[in-house]
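Okay, so here's the structure we're looking at.
Model, not experiment: these values are computed from the prediction.
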Amino acid sequence: MDNQQINQNQPLDPTQVNAPSLYRTVCPKCGQNDFKIIGTKGAKGKGIAMGMALGAVGNLIAASKNEKDMDLKPIQYQCNSCKKKFEAMPLKAEPDEILEQPCTINFKRHSSFVGMAVSQSVFLNGVKVGTVNNKQTITFQTYTKHNIVFVTDQYGIAFKGHYTFEAQSGGTENIDFKRKFL
């Protein structure tokens, strides 16, 4: 949202809210809304190239670039029904999916020895909302009712699994992450 003040007594105008959504994202082949998140476009190739060329130093370089990279990029998915891989940008949430008040999300990355020196990207409904380091918590908000949170490594490759929830207007959602969602 563009840092606008919301009058508690007036209904929220959905056209004034930046509310990305994956709720109506479907496989172009079979039309199903059941998919695995692979990561950002080109992430696997970038990860392999940097790892082979620079090793551990490459991971740290990629992690520092990752923290500054907030561009909206297509996300790659694989349909769980027909196994087709496809790319999609987040959709704008439909008016019936917009909350009257934002839901606050507290995302906590638990301590992990594996990858402790690199930041990981947190995505909400296909949009990068920030990076999180080892043992760090970040807070962000959503105006979208149906939400998907997933995490990628420094290259943009999604970790296995994602967290889905239905946000409550004015509510709070706490998410714990340690390689897999807890």
Side-chain angles (χ1 to χ4, degrees), residues 1-3 17-22 25 35-78 87-90 93 99 101-144 146-168 170-182:
M1 180 143 180
D2 301 335
N3 295 331
V17 176
N18 179 11
S21 174
L22 296 177
T25 300
F35 47 80
K36 174 176 93 172
I37 300 167
I38 297 172
T40 57
K41 183 177 179 178
K44 282 192 177 183
K46 185 172 32 171
I48 292 169
M50 287 288 277
M52 290 179 76
L54 301 172
V57 174
N59 286 336
L60 295 174
I61 292 169
S64 68
K65 287 182 180 181
N66 179 36
E67 290 181 18
K68 298 174 186 101
D69 181 20
M70 295 302 275
D71 293 336
L72 185 62
K73 298 177 183 177
I75 303 296
Q76 294 181 320
Y77 306 93
Q78 182 175 16
E87 294 177 5
M89 294 292 284
L99 301 172
Q101 297 295 319
C103 176
T104 301
I105 302 162
N106 298 310
F107 183 93
K108 180 180 182 180
R109 178 180 167 191
H110 286 269
S111 177
S112 174
F113 183 73
V114 177
M116 70 179 175
V118 295
S119 60
Q120 296 171 345
S121 296
V122 180
F123 285 78
L124 171 67
N125 299 325
V127 176
K128 184 176 174 181
V129 293
T131 57
V132 62
N133 294 315
N134 211 21
K135 295 177 20 177
Q136 185 182 23
T137 299
I138 60 171
T139 299
F140 48 95
Q141 295 181 321
T142 183
Y143 277 90
T144 309
H146 301 96
N147 296 276
I148 296 177
V149 175
F150 65 93
V151 181
T152 67
D153 66 9
Q154 66 272 26
Y155 301 110
I157 301 169
F159 289 106
K160 188 175 181 175
H162 55 271
Y163 183 79
T164 59
F165 68 98
E166 189 170 310
Q168 302 300 313
T172 301
E173 189 74 19
N174 295 308
I175 301 173
D176 291 322
F177 178 77
K178 184 175 181 178
R179 285 287 205 173
K180 290 186 179 182
F181 291 96
L182 302 175

Handout entry: F140 and T104: CA distance, side-chain angles, deciding distance, side-chain contact (heavy atoms from CB on, under 4.5 Å) verdict
Key = CA-CA 6 Å; F140 48 95; T104 301; over 6 Å; no
Practice task
Hey, could you give me the NZ/NZ distance between K178 and K108, rounded to the nearest 0.5 Å?
Solution key: 11.0 Å
Handout entry: Distance in Å, Y77 OH paired with K36 NZ, rounded so as to fall on 0.5 Å steps
Key = 13.5 Å
Problem - Side-chain (T144) to main-chain (H146) donor-acceptor, under 3.5 angstrom - result: no
Problem - Sub-4.5 Å side-chain heavy-atom contact between F123 and T40 - result: yes
Handout entry: side chain to side chain contact (heavy atoms under 4.5 Å, CB included) involving V127 - partner list, sequence neighbours excluded
Key = P20, L72, P90
Handout entry: Main-chain N/O of G156 paired to D153 side chain as donor or acceptor, under 3.5 Å
Key = yes
Handout entry: Within-4.5 Å side-chain heavy-atom neighbours: V122 and T131
Key = no
Handout entry: A158: partners by side chain to side chain contact (heavy atoms under 4.5 Å, CB included), with sequence neighbours left out
Key = I37, F150, T152
Exercise for the section: Mind running side-chain contact (heavy atoms from CB on, under 4.5 Å) on K135 and N133 for me, showing each step along the way? Expected result: CA-CA 6 Å; K135 295 177 20 177; N133 294 315; over 6 Å; no
Completion exercise
Rounded to the nearest 0.5 Å, the CD1 atom of I148 sits from the NE2 atom of H162 at a distance of 5.0 Å
Practice task
Decide side-chain contact (heavy atoms from CB on, under 4.5 Å) for L124 and N147; before the verdict, give the C-alpha distance in whole Å, the side-chain angles of both, and the deciding distance to 0.1 Å.
Solution key: CA-CA 7 Å; L124 171 67; N147 296 276; 3.6 Å; yes
Practice task
Establish, from distance only, whether the side-chain atoms of T139 and N106 form a donor-acceptor pair under 3.5 Å.
Solution key: yes
Handout entry: CA sep, side-chain torsions, deciding dist, call: R109, Q120, side-chain contact (heavy atoms from CB on, under 4.5 Å)
Key = CA-CA 9 Å; R109 178 180 167 191; Q120 296 171 345; 3.4 Å; yes
Handout entry: Shortest non-hydrogen separation from K73 to M89 and the atoms involved
Key = C-SD, 3.7 Å
Handout entry: Which residues share a ring pair (Phe, Tyr, Trp, His ring centres under 6.0 Å) with F165, sequence neighbours left out
Key = Y163
Problem - From L99 atom CG to Q141 atom CD, the distance as rounded to the nearest 0.5 Å - result: 10.5 Å
Practice task
Measure the shortest side-chain to side-chain distance between C103 and Q168 over non-hydrogen atoms and say whether it is less than 4.5 angstrom.
Solution key: no
